[in-house]
Amino acid sequence: MNLIANFAVLASRRTIFDLPVCDLGWDDALVFINELASIPVGQTVVCFVNAHNMLTALRDDEYYRIMSHNLVLPDGIGLNIASQISHGAPFPANLNGTDFVPAFLTFMEAPRRIGLIGGKRSVVEAAAENFHKHTPWHEFVVISDGFFDKVDSTDVIEEIERQKLDILIVGMGTPLQEKWVHDNIRADHARLVLTVGALFDFVSGAVPRAPKTVRMMRLEWAYRLIQEPVRLWRRYIVGIPVFLFHVLRYRFRRRERILSHPEESRSVGQPPADRKKAS
């Protein structure tokens, strides 16, 4: 992990399952990440993590280790509840990618060259067009859709090198996107990388967002569940209670470990000892 990524991770002062998660408010997060994008050396990878992603991290050691080197932003009410249980207070802001990325693009006054990877070709192209309408001072370049060979990505990497990007936005789903970025994207490809999941679907209009009132009530997950019950019922109906169970279990086990072995304080980024028991 380079010094810039180290600096970004150290800015996160709360942990969920020992993973550092950014506890900045909206304004401070926008300022901080804009400063990271302006630094002419190093690289920071920003990812947005909800309860489902955290459960995935408990089962996937590689994903967990990669996340520990990224700047992790909290997404959704599940992370808020986990923070309340583990630290006595919710996160200052819900920094979900669907709202944060457009806001961040608007916040950046300096023109940037921004590459997009992921989704269907028609979707990512429509997303690039809408991004440009939203922030016309930036230049958006569609590098590739998400349907390329992830094992041998030579053509995609060569296109990234040719485009001379400032920022790269990757939307291929978790944990694939984080693993692919970790394995393939160097600091000279882009100083700032945002891994955004299904963001292009929302920005392009291919998938409708919940009404603003529903989002303000922190019930967008329920709206999505109603829209796609077959695909999402397990994630929300089963996943959220399972996530909260692990949060509670981890809190009490961590307390027991600290009381019984105070000299063995855990380092940030080390996988929890009971990870293998996660379901």
Side-chain angles (χ1 to χ4, degrees), residues 37 43-50 52-53 56 63 66 70 73 75 96-106 108 111-210 220 223-225 227-232 235:
Q43 181 186 75
T44 301
V45 179
V46 178
C47 54
F48 303 86
V49 176
N50 55 28
H52 174 70
N53 302 148
T56 302
Y63 177 51
I66 290 170
N70 293 348
L73 304 188
D75 174 0
N96 68 86
T98 311
D99 292 322
F100 188 85
V101 172
F104 176 64
L105 296 175
T106 303
M108 286 191 300
R112 302 291 186 186
R113 188 168 174 81
I114 303 169
L116 309 182
I117 297 176
K120 297 179 181 178
R121 171 63 63 169
S122 60
V123 168
V124 68
E125 288 178 348
E129 183 178 348
N130 287 339
F131 274 141
H132 183 71
K133 290 177 181 177
H134 178 69
T135 52
W137 58 94
H138 299 310
E139 185 175 2
F140 295 91
V141 181
V142 175
I143 301 297
S144 174
D145 57 33
F147 300 94
F148 59 89
D149 187 346
K150 307 306 186 301
V151 176
D152 182 4
S153 306
T154 302
D155 291 345
V156 174
I157 300 304
E158 289 178 350
E159 180 64 13
I160 291 172
E161 293 172 346
R162 191 177 71 82
Q163 292 294 344
K164 307 296 183 185
L165 304 173
D166 299 304
I167 296 171
L168 180 63
I169 303 178
V170 181
M172 298 192 299
T174 295
L176 172 62
Q177 60 193 10
E178 287 82 13
K179 291 182 178 181
W180 185 82
V181 167
H182 178 78
D183 291 339
N184 293 279
I185 303 303
R186 305 189 308 266
D188 59 309
H189 291 151
R191 298 302 180 193
L192 182 69
V193 182
L194 305 171
T195 58
V196 297
L199 174 66
F200 299 151
D201 289 333
F202 295 116
V203 173
S204 67
V207 175
R209 291 222 45 202
E220 188 166 14
Y223 179 86
R224 292 191 65 195
L225 177 60
Q227 297 294 109
E228 300 180 84
V230 175
R231 187 173 75 87
L232 296 177
R235 174 181 296 192

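Since this is a predicted model, take the numbers as computed values, not measurements.
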Looking at residues at least two apart in the chain, or sitting in another chain, which of them share a side chain to side chain contact (heavy atoms under 4.5 Å, CB included) with Asp166? Arg112, Arg113
Taken to the nearest 0.5 Å, the spacing of Leu165 CG from Ile185 CD1 works out to 9.0 Å
Per-pair distances, 0.1 Å, donor-acceptor, side chain in residues 114-131, under 3.5 Å, sequence neighbours excluded:
from   : atom 1 : to     : atom 2 : distance (Å)
Asn130 : ND2    : Val203 : O      : 2.8

The criterion is side chain to side chain donor-acceptor pair (under 3.5 Å); which residues satisfy it with His132, sequence neighbours excluded? none
Do Thr174 and Tyr63 touch side chain to side chain, with heavy atoms closer than 4.5 Å? yes
Non-neighbouring partners of Asp188 that pass side chain to side chain donor-acceptor pair (under 3.5 Å), sequence neighbours left out: Arg186
So which heavy atom on Gly171 is nearest to which on Val196, and how close? CA-CG2, 3.8 Å
Applying side-chain hydrogen bond (donor to acceptor under 3.5 Å, both in side chains), which residue pairs with at least one partner in residues 193-206 are found, sequence neighbours left out? Glu178-Thr195
By side chain to side chain donor-acceptor pair (under 3.5 Å), which residues pair with Asp149, not counting sequence neighbours? none
Under 4.5 Å between any side-chain heavy atoms of Ile169 and Phe200, yes or no? yes
What residue pairs, at least two apart or across chains, pass ring-ring contact (aromatic ring centres under 6.0 Å, His included) with a residue in residues 141-185? Phe148-Trp180
Rounded to the nearest 0.5 Å, the CG atom of Leu192 sits from the OG1 atom of Thr44 at a distance of 6.5 Å
Do Lys179 and Lys150 have side chains that get closer than 4.5 Å, going by heavy atoms? no
Partner set under side chain to side chain contact (heavy atoms under 4.5 Å, CB included) for Pro208, not counting sequence neighbours: Tyr223, Gln227
Interatomic spacing from CD1 in Ile167 to CZ in Phe140 - rounded to 0.5 Å: 8.5 Å
Approximate separation, where rounding is to 0.5 Å, of Met172 CE and Ser144 OG: 8.5 Å
Suppose we screen for ring pair (Phe, Tyr, Trp, His ring centres under 6.0 Å). Which residues come up paired with Phe100, at least two apart in sequence or across chains? Trp26
CD1 (Ile143) and CZ (Arg162) are apart, to the nearest 0.5 Å, by 8.0 Å
